[in-house]
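First comes the structure, then the notes that go with it.
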Amino acid sequence: MVNTLPQQPKAGIKQPSQETILTPRFYTTDFETAASLDLSAQETELKAMLEEMRADYNRHHFVRDETFEQSWEHIDGESRRAFIEYLERSCISEFSGFLLFKELSRRLKGRNPLLAEIFHLMARDEARHAGFLNKAMGDFKLSLDLAHMTKTRTYTFFPIEWVIYTVYLSEKIGYLRYIIIYRHLEKHPENQFYPIFRYFESWCQDENRHGDIFKALLRSQPQLWKTWKARLWSRFFLLSVFTTHTLTVHERANFYRSLGLDPTEFDRQVVYETNETAGRAFPVKLNTAHPQFFPRLQRCSDYNMKLVEIDRSSQPKVVKFVRKLPRIAAIVWNLLLLYLIKPIDTEALRGTVR
């Protein structure tokens with residue numbers, strides 16, 4: 001396997017979409033700090049969740065059945081493109097989690113056995129998800145060369161504290177995306193155009209369990225929820241994840257419409273529910289009931305769609321850059337105003353949060 005992308009991709013191997021600020025990334029972290037985490041405050045909870053992971057209740061739930069054994073050529077045009085893009089993004093996201101968890105498990109083995117085994121089993125789940133998604137892409141005569149991506153994709157460094165915040169949120173928001181789509185399609189089976197959606201209930205169980213593990217990790221570290229810095233970081237990561245979700249959903253609105261979902265309402269439900277869930281772990285949650293919260297998020301999405309439109313034009317790069325600047329400034333300004341909305345103190349409500 002070479003370390004540079006081939007000039008001509010192999011037949012059936014999809015070249016990954018260009019990396020942008022919204023595409024899933026590969027991460028690395030400070031493994032030394034991770035190994036030295038004191039887990040004593042949440043050790044009982046972590047051991048209980050480890051037992052669940054060992055039981056592997058979903059081990060038989062990701063087996064392709066006969067419903068996949070048919071032609072999918074009738075899914076064509078924009079619907080096909082949007083669905084393949086969804087599968088690709090989801091596959092890369094799951095594979096990114098696998099790589100991070102696998103490396104954490106390897107580096108922590110012998111130094112923090114409890115955490116090492118937990119990460120090993122979470123890596124197992126993420127690999128299972130990524131493989132299932134890649135096989136789904138194969139039904140459309142495409143697949144991702146995940147082994148090659150391991151060597152060629154850019155890795156972003158996050159301190160372990162940032163990893164805990166962001167993975168907790170990504171797992172919980174992933175759970176809510178999957179379960180909302182699953183429940184919607186239960187009520188509207190006529191929109192279930194491909195069998196993978198039937199697996200989303202088992203899928204979201206894994207995501208939810210992973211999120212609970214990272215909640216325990218977060219609550220085991222007082223500096224991640226007891227300090228004023230923790231409150232600022234919590235607001236930052238909540239807003240970052242919600243903004244990314246809103247922009248991504250509206251960039252891929254056609255996929256959600258193909259499921260019979262309104263993209264804006266779907267996005268708002270996911271953001272609202274994730275924010276409420278985060279109140280169980282974070283010292284603050286965002287005030288999504290503020291009259292400017294969702295309108296400003298929507299403005300960011302509208303400006304982002306203008307950026308996408310500019311990118312797709314045939315204008316010179318300099319002209320594109322000049323046209324983009326005011327839109328980028330507008331997004332930054334709206335995000336700043338969103339960040340400054342007074343958050344809700346969840347520690348003060350801890351006794352009433354369920």
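We number each residue from 1, following the sequence as shown. Everything numeric in this text was worked out from a predicted model, so none of it was measured.
- With sequence neighbours left out, the side chain to side chain donor-acceptor pair (under 3.5 Å) criterion links Ser71 to no other residue.
- Applying the side-chain hydrogen bond (donor to acceptor under 3.5 Å, both in side chains) rule to pairs touching residues 325-338 yields Arg296-Asn334, sequence neighbours excluded.
- The side chain to side chain contact (heavy atoms under 4.5 Å, CB included) check on Val241 picks up Leu169, Ile173, with sequence neighbours excluded.
- Between Cys300 and Leu335, the closest heavy-atom pair is SG-CD2, 3.9 Å.
- Ring-plane geometry between Trp72 and His74 is classed as tilted, the angle between the planes lying from 30 to 60 degrees on a 0 to 90 degree scale.
- A distance of 7.0 Å separates CD in Glu45 from CE in Met49, rounded to the nearest 0.5 Å.
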- [ ] Take Arg280 and Arg219 through the side-chain contact (heavy atoms from CB on, under 4.5 Å) test and state the conclusion after the steps.
- [x] CA-CA 10 Å; Arg280 303 169 191 171; Arg219 298 304 292 186; over 6 Å; no
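- Remark: Glu73 engages Lys141 in a salt bridge, criterion side-chain N to carboxylate O under 4.0 Å.
- Taking the six-membered ring for Trp and the full ring otherwise, Tyr168 and Phe282 have centroids separated by under 6.0 Å.
- The CZ atom of Phe321 lies 14.5 Å from the CD atom of Gln315; values are rounded to the nearest 0.5 Å.
- Ion pairing between a basic and an acidic side chain is recognised when a charged N comes within 4.0 Å of a carboxylate O; Asp125 and Arg209 show no such pairing.
- To the nearest 0.5 angstrom, Glu207 atom CD is 8.0 Å from Arg177 atom CZ.
- Not less than 6.0 angstrom separates the ring centroid of Tyr165 from the ring centroid of Trp162.
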Open item on the list: Go through it in stages, so that I can follow the logic: the residues are Gln42 and Leu218, the test is side-chain contact (heavy atoms from CB on, under 4.5 Å), and I'd like the CA-CA distance, side-chain angles, deciding distance and then a yes or no.
Closed with: CA-CA 9 Å; Gln42 295 287 320; Leu218 192 154; over 6 Å; no
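- Between the side chain of Ser79 and the main chain of Ile75, no donor-acceptor pair closer than 3.5 Å is present.
- Looking at Glu51 and Arg54, a side-chain N of the basic residue comes within less than 4.0 Å of a carboxylate O on the acidic one, giving a salt bridge.
- Heavy-atom contacts from other residues, nucleotides or ligands closer than 6.0 Å to NZ of Lys306 number 12 or fewer.
- Judged by distance alone, with hydrogens and angles left aside, the side-chain atoms of Thr150 form a donor-acceptor pair with the main-chain N or O of Leu146 at under 3.5 Å.
- For the pairing with Lys172, the side-chain hydrogen bond (donor to acceptor under 3.5 Å, both in side chains) check across Asp212, Thr274, Thr277, Asn275 returns one residue only, Asp212.
- Between Glu265 atom CD and Leu261 atom CG the span is 10.5 Å, to the nearest 0.5 Å.
- Within the 3.5 Å criterion, the main-chain N or O of Ile180 finds no donor-acceptor partner in the side chain of His184.
- Inspection of the Glu126 and His210 side chains reveals an N or O donor paired with an N or O acceptor under 3.5 Å.
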TODO: Take Leu224 and Trp233 through the side-chain contact (heavy atoms from CB on, under 4.5 Å) test and state the conclusion after the steps.
DONE: CA-CA 8 Å; Leu224 296 184; Trp233 280 120; over 6 Å; no
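- Side chain of Asn58 to backbone of Ser202: a donor-acceptor contact under 3.5 angstrom is found.
- A salt bridge between Glu43 and Lys47 is present, with a side-chain N of the basic residue lying under 4.0 Å from a carboxylate O of the acidic one.
- Atom OH of Tyr272 sits in a sparse spot, with 12 or fewer heavy atoms from other residues, nucleotides or ligands closer than 6.0 Å.
- Both tests pass for Arg153 against the ring of Phe26: distance under 6.0 Å to the centre and angle within 45° of the axis.
- A tilted orientation is assigned to the rings of Phe140 and Tyr194, their planes being inclined by 30° to 60°.
- Note: Lys226 NZ to Glu347 CD = 9.0 Å, rounded to the nearest 0.5 Å.
- In this structure, the side chain of Thr248 does not engage the main chain of His245 through any donor-acceptor pair within 3.5 Å.
- Met122 pairs in a side chain to side chain contact (heavy atoms under 4.5 Å, CB included) with only one of the listed residues (Glu171, Glu117, Met53), which is Met53.
- Of the possible donor and acceptor atoms, one in the side chain of Gln70 sits under 3.5 Å from a partner among the backbone N and O of Thr67.
- Looking at Thr246, its side chain does come within 3.5 Å of a backbone N or O of Phe242 through a donor-acceptor pair.
- Checking Ser143 against Asn134 by side-chain atom types alone, no donor-acceptor pair falls below 3.5 Å.
- Note: Trp203 and His129 have tilted aromatic rings, judged against thresholds of 30 and 60 degrees for the angle between ring planes.
- Aromatic ring orientation, Phe132 versus Phe68: perpendicular (interplanar angle above 60°, classes split at 30° and 60°).
- Without hydrogens or angle criteria, Lys285 side chain to Thr346 main chain gives no donor-acceptor distance under 3.5 Å.
- In this structure, Arg25 CZ and Thr166 OG1 are separated by 12.5 Å, a value rounded to the nearest 0.5 Å.
- For the pair Glu186 and Arg183, the salt-bridge criterion is not met [side-chain N within less than 4.0 Å of a carboxylate O].
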